[in-house]
Amino acid sequence: MSNKNSKKSKDNDVSVEQQISDTSEQKTAAEEQTVRPRKRKIIKNNQFPIVLCIFIAVFLSALVWKIFFDSSIIGTWYYIKNGEYVETEDAPIGTNDIPKEETRQYTQRICYDFRPDGECVVTLGTMSVKGRYNTYVMDKTNVVSASVIYQNINLMYGSYEYDLQGNIFTGKKLVVKNLYDDEDVVLKPGEGEFPIEPFENAEYDSRLFGEWYDEDLKVTFEFKNDGHMLRSTDDGMTVDHYYTVVENGTVLAKYSGGEEQSYSYSYSFDGDDVIINGSRAKKVSQ
């Protein structure tokens with residue numbers, strides 16, 4: 001009886017050990033299965049190449065259209081006008097002398113800046129005037145209609161046929177028909193060269209830098225640290241100058257309206273204001 005119990009006990013021990021062993025093996029297998037990386041099926045994204053191809057096609061189409069078919073005049077265009085005028089000298093008072101006349105030549109830069117918002121700025125030399133414009137097509141012909149006027153002087157007024165020729169490779173040009181005296185004008189892109197040179201060894205007064213508004217004269221002065229001075233009137237005229245500060249509180253400025261001209265301003269400070277040629281101007285911005 002004792003032997004049977006002993007044998008049974010051994011069998012139970014073996015069974016328990018076997019269970020422990022099986023459990024350990026299952027746990028190890030489960031752990032190995034847990035940490036083993038899974039094989040995933042890679043799905044290729046075919047949308048990106050398609051989108052990229054569409055983007056490139058659209059970009060190239062827009063580029064080709066811009067280079068060869070764009071008829072928009074938006075931007076700045078210029079030409080150089082060469083002409084002549086007669087200057088008459090006054091005869092001395094109390095004499096019967098015939099006034100002397102002298103024919104002079106001039107070269108003038110004329111710019112047309114057609115802006116996307118419908119504003120047009122015409123610049124003669126360094127004198128600019130703002131106005132409005134629009135474009136349309138009539139009988140398959142491009143037409144620009146503009147109204148840029150300063151004190152009853154028509155700088156660009158009326159409707160004009162135009163033709164945009166060339167491209168960025170051959171060189172663009174804007175041909176405006178009958179712009180001046182029934183003369184076709186050929187404009188190049190850009191502003192051209194500024195028609196005057198800065199003062200040599202120019203001096204500046206940093207207290208002047210910024211914009212100043214004269215309420216009485218309705219004039220804004222803007223002094224820049226690069227040598228430019230802008231004088232703008234409320235009726236739409238802006239004149240771009242080069243300037244320098246000389247002794248005794250004097251600004252020497254020059255501009256071009258066809259010929260180079262120069263004049264001087266006296267200035268002094270009174271508190272936060274500047275007195276220019278005896279008229280007070282208040283600071284607008286730095």
Side-chain angles (χ1 to χ4, degrees), residues 56-85 103-150 153-198 226 228 230 236-242 255-260:
I56 293 174
V58 171
F59 174 77
L60 291 177
S61 298
L63 183 62
V64 170
W65 179 85
K66 183 69 176 177
I67 294 174
F68 297 104
F69 304 105
D70 183 15
S71 61
S72 172
I73 64 174
I74 291 176
T76 304
W77 307 83
Y78 82 98
Y79 82 108
I80 304 299
K81 181 177 179 61
N82 297 308
E84 61 182 27
Y85 66 96
T103 300
R104 295 191 176 184
Q105 308 292 324
Y106 72 90
T107 299
Q108 186 178 53
R109 179 193 68 156
I110 303 180
C111 296
Y112 300 87
D113 183 8
F114 299 101
R115 299 177 178 177
D117 60 358
E119 184 177 70
C120 177
V121 180
V122 178
T123 301
L124 308 178
T126 65
M127 305 168 62
S128 300
V129 178
K130 295 180 181 179
R132 305 296 298 177
Y133 84 99
N134 69 291
T135 59
Y136 56 92
V137 178
M138 182 175 63
D139 297 331
K140 298 182 180 180
T141 301
N142 293 320
V143 178
V144 55
S145 179
S147 178
V148 186
I149 304 172
Y150 182 73
I153 300 175
N154 297 331
L155 300 180
M156 188 177 187
Y157 183 80
S159 297
Y160 309 90
E161 297 181 8
Y162 72 89
D163 185 18
L164 190 63
Q165 301 177 0
N167 53 61
I168 61 174
F169 301 113
T170 61
K172 280 189 172 184
K173 59 183 179 180
L174 176 63
V175 180
V176 183
K177 298 183 178 180
N178 302 323
L179 184 57
Y180 292 110
D181 300 326
D182 297 328
E183 177 186 355
D184 294 352
V185 174
V186 180
L187 304 171
K188 298 179 181 180
E191 298 181 353
E193 294 184 2
F194 201 70
I196 57 176
E197 296 291 332
D226 62 357
H228 284 272
L230 303 179
M237 168 73 79
T238 298
V239 183
D240 193 350
H241 307 70
Y242 273 124
Y255 72 99
S256 172
E259 284 190 333
E260 183 176 307

List the atom of [X], the atom of [Y], and the distance in Å for their closest heavy-atom pair.
| X | Y | value |
| --- | --- | --- |
| Tyr160 | Lys177 | CD2-O, 3.7 Å |
| Arg109 | Gly192 | NH1-O, 4.1 Å |
| His228 | Asp226 | N-OD1, 3.1 Å |
| Val186 | Tyr79 | O-CB, 3.5 Å |

message: With side-chain hydrogen bond (donor to acceptor under 3.5 Å, both in side chains) as the rule and sequence neighbours excluded, what pairs involving residues 189-198 come up?
response: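 Every candidate side-chain hydrogen bond (donor to acceptor under 3.5 Å, both in side chains) pair involving residues 189-198 fails, so no pair, neighbours aside, qualifies.
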
Value rounded to 0.5 Å, distance of [atom1] in [X] from [atom2] in [Y]:
| X | Y | atom1 | atom2 | value |
| --- | --- | --- | --- | --- |
| Ser159 | Asn134 | OG | CG | 7.5 Å |
| Asp184 | Leu179 | CG | CG | 9.0 Å |
| Ile110 | Met127 | CD1 | CE | 12.0 Å |
| Lys130 | Cys120 | NZ | SG | 12.0 Å |
| Lys173 | Gln165 | NZ | CD | 5.0 Å |
| Cys111 | Lys188 | SG | NZ | 12.5 Å |

Considering only heavy atoms from C-beta outward, does the side chain of [X] approach that of [Y] to under 4.5 Å?
| X | Y | answer |
| --- | --- | --- |
| Leu230 | Val239 | no |
| Trp77 | Leu164 | yes |
| Glu119 | Arg132 | yes |
| Tyr150 | Leu124 | no |
| Tyr162 | Thr135 | yes |

- request: Any chance you could lay out the side-chain contact (heavy atoms from CB on, under 4.5 Å) test for Ile73 and Tyr112, step after step, and finish with the verdict?
  value: CA-CA 10 Å; Ile73 64 174; Tyr112 300 87; over 6 Å; no

- prompt: Which residues satisfy the side chain to side chain donor-acceptor pair (under 3.5 Å) test with Gln105, sequence neighbours excluded?
  reply: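 Gln105 satisfies side chain to side chain donor-acceptor pair (under 3.5 Å) with Glu84 once adjacent residues are dropped.
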
Look at the side chain of [X] and the backbone N and O of [Y], then say whether any donor-acceptor pair between them is shorter than 3.5 Å.
| X | Y | result |
| --- | --- | --- |
| Asn154 | Ile149 | no |
| Thr126 | Ser256 | yes |
| Asp139 | Thr141 | no |

By side-chain contact (heavy atoms from CB on, under 4.5 Å) - contacts of Asp113 (at least two apart):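 Asp113 satisfies side-chain contact (heavy atoms from CB on, under 4.5 Å) with Thr76, Arg115, Val121 only.
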
Please identify each residue that fulfils ring pair (Phe, Tyr, Trp, His ring centres under 6.0 Å) with [X], with sequence neighbours left out.
| X | result |
| --- | --- |
| Phe114 | Tyr133 |
| Tyr78 | none |
| Tyr157 | none |

